[in-house]
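Side-chain atoms are counted along with the backbone in the values below, which use heavy atoms only and exclude waters and symmetry mates. Just so we're on the same page: letters track the sequence lines, and every chain starts at 1.
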There are 2 protein chains.
Amino acid sequence: MTRSRASYRTIRDEISRRIASRVWLPGALIPGEEALAGEFGAARATVNRALRELAEQGLVERRRKAGTRVALHPVREARFAIPLVRHEVEAAGQVYGYRFLSSVVVGAKGQVAERLGLADGARLRHVQALHLAGSAPFQFEDRYIILDTVPAAQDADFSAIGPNEWLVETAPFTHAEFSFFADAAGKEAQHLGIAPGAPVFVGERITWLAERPITLVRMVHPSRYRMVTRL
Amino acid sequence: MTRSRASYRTIRDEISRRIASRVWLPGALIPGEEALAGEFGAARATVNRALRELAEQGLVERRRKAGTRVALHPVREARFAIPLVRHEVEAAGQVYGYRFLSSVVVGAKGQVAERLGLADGARLRHVQALHLAGSAPFQFEDRYIILDTVPAAQDADFSAIGPNEWLVETAPFTHAEFSFFADAAGKEAQHLGIAPGAPVFVGERITWLAERPITLVRMVHPSRYRMVTRL
DNA sequence: GAGTGGTCTAGACCACTCA
DNA sequence: GAGTGGTCTAGACCACTCC
């Protein structure tokens, strides 16, 4: 045996290989953990971990009593890292720049109040800022911070450090909702240096601490932006 | 004790709570697995699984010898399910429709050849199709299938079933690269029933079987489309 | 009822990395 | 060198679900 020992990676990759090479066809039942443990000379827990990871990837589907099947329609998941803008820019080898635009305390109303599940009039700090990669605009940030949840945000100074970095270190979140879509540039066009109506890539994020909303942010990128991942 | 037993979920959630409530601050070192096992009355393996999941979520960072720290900048990951278009439409409670547009075998060249790492002239099947939600256009699909990797695709019939569904059941992939961005509608505008130049949301995906490219697809959505996830 | 995955334990050795 | 996480084992009990 060249294989010093059966690791869960070895087993996972071998099973993955058998699926890819169609030794086990989509929809087919594969051997149980016990059987595979025997085949690979490993403990059942080791096989379990291998299969669990494959199930997380969506490559197989597992059900008690029914066993493990090769997924018919691999509803696979793509994972995207959600880094700080600054890290994103620096990772691309460019110099990060930050420009504070405006800040004002307002009462919640309309769509914003609704999306955050707030009563009209709840106090929000509305901040706008621009993030640069080198000298080029990279992201326009339009953010509401719920002051009931994060009172300290009322007096925070966002002239030098962006509200995202401030929040990350001050108010961890427990839940989040992300959405991404394309839109036509509105008022942010001038800040991004593009024509009004030009396509922009928008990321929206709402974060909560337990059941209390922390912040709603709209991050607008010019259309040269790409969100990329591999798996 | 009301807790019947310490499960890895209990432990994971409790640790998560301590981080959220700032009992353990960003950057702080948290107790070792041994210590936590003692505190929770669990085996070290159980604590390990809890911490491993938190590390996957990006909430903590682990290094041998150095220990486990609360992440300073939670580079958290968002996961997006990549379902079949049909399932996506049906999950939204709408009737899925498919319209085959065109298919032709071409030689690889230019950008396409380059992105797939193919020699000029490699044979590709180029397929275009439209996916509908109810009567409204949902996604325009523009796909190249590498016939060297998937010879069976040469004669596959895509008039009733989309190439994606066909591929999923015929040619599993081992690696993939996804990218998402905003663009201005080009020739696909007429199929999507939107104005040329209107913003569209584009998803591109390349899949490989081992080192051989399977397919490159460009999926174009009108700007009403939202890609959403929670965590 | 029975079979399969889900989880937990106690103990062990290993691998990496910090000092 | 020593400390911490990474992984594996052997065995056990449990929970879900199909028949």
Nucleotide dG5(D), atom C1' - distance to CG of Leu29(B) in whole Å: 12 Å
Between dT9(C), dT7(C), dT7(D), which nucleotide has the shortest distance from any of its atoms to the side chain of Asn48(A)? dT7(C)
Comparing nearest nucleotides in DNA chain C, the 5'-proximal residue of the pair Ala45(A), Leu51(A) is Leu51(A)
Glu177(A) and Arg205(A) ion-paired at < 4.0 Å: no
Whole Å only: how far is the CZ atom of Arg44(A) from the C1' atom of dG5(C)? 6 Å
Using Watson-Crick or G-U wobble geometry with both distances under 3.5 Å, which nucleotide pairs with dT17(D)? dA2(C)
Arg9(A) CZ - dA15(C) C1' separation (whole Å): 12 Å
For Phe40(B) and dT7(C), what is the distance between atoms CZ and C1' respectively, to the nearest whole Å? 17 Å
Ignoring the backbone of Glu33(A), work out which of dG5(D), dA10(C), dG6(C) is nearest its side chain. dG6(C)
Quick one: Leu54(B) CG to dG6(D) P, roughly how many Å, whole number? 12 Å
Strand-adjacent residues in residues 58-70 of chain A, judged by heavy atoms under 4.0 Å from DNA chain D: Arg63(A), Arg64(A), Lys65(A)
Between Glu56(B) and Arg52(B), does any NZ, NE, NH1 or NH2 come within less than 4.0 Å of an OD or OE carboxylate oxygen? no
Are any of Thr46(B)'s side-chain N or O atoms less than 4.0 Å away from OP1 or OP2 of dT7(C)? no
Is it true that Glu33(B) and Arg62(B) have a side-chain N and a carboxylate O under 4.0 angstrom from each other? yes
Pairing donors with acceptors under 3.5 angstrom, does anything connect the side chains of His131(A) and Tyr96(A)? yes
So, Arg218(B) and Glu204(B), do they make that salt bridge, N to O below 4.0 Å? yes
Starting from P on dT7(C), measure out to CZ on Arg52(A) and report it in whole angstrom. 7 Å
Any donor-acceptor N or O pair under 3.5 Å, side chains Arg125(A), Ser103(A): yes
To the nearest Å, give me how far apart OH (Tyr8(B)) and C1' (dC14(D)) are. 14 Å
Any luck finding a side-chain donor-acceptor pair between Glu88(A) and Tyr225(A) under 3.5 Å? yes
Look through every strand shown and name the nucleotide pairing with dG11(C) as Watson-Crick or G-U wobble, where both distances are under 3.5 Å. dC8(D)
Does any donor-acceptor pair link the side chain of Arg49(A) with the base of dG6(D) at a separation under 3.5 Å? no
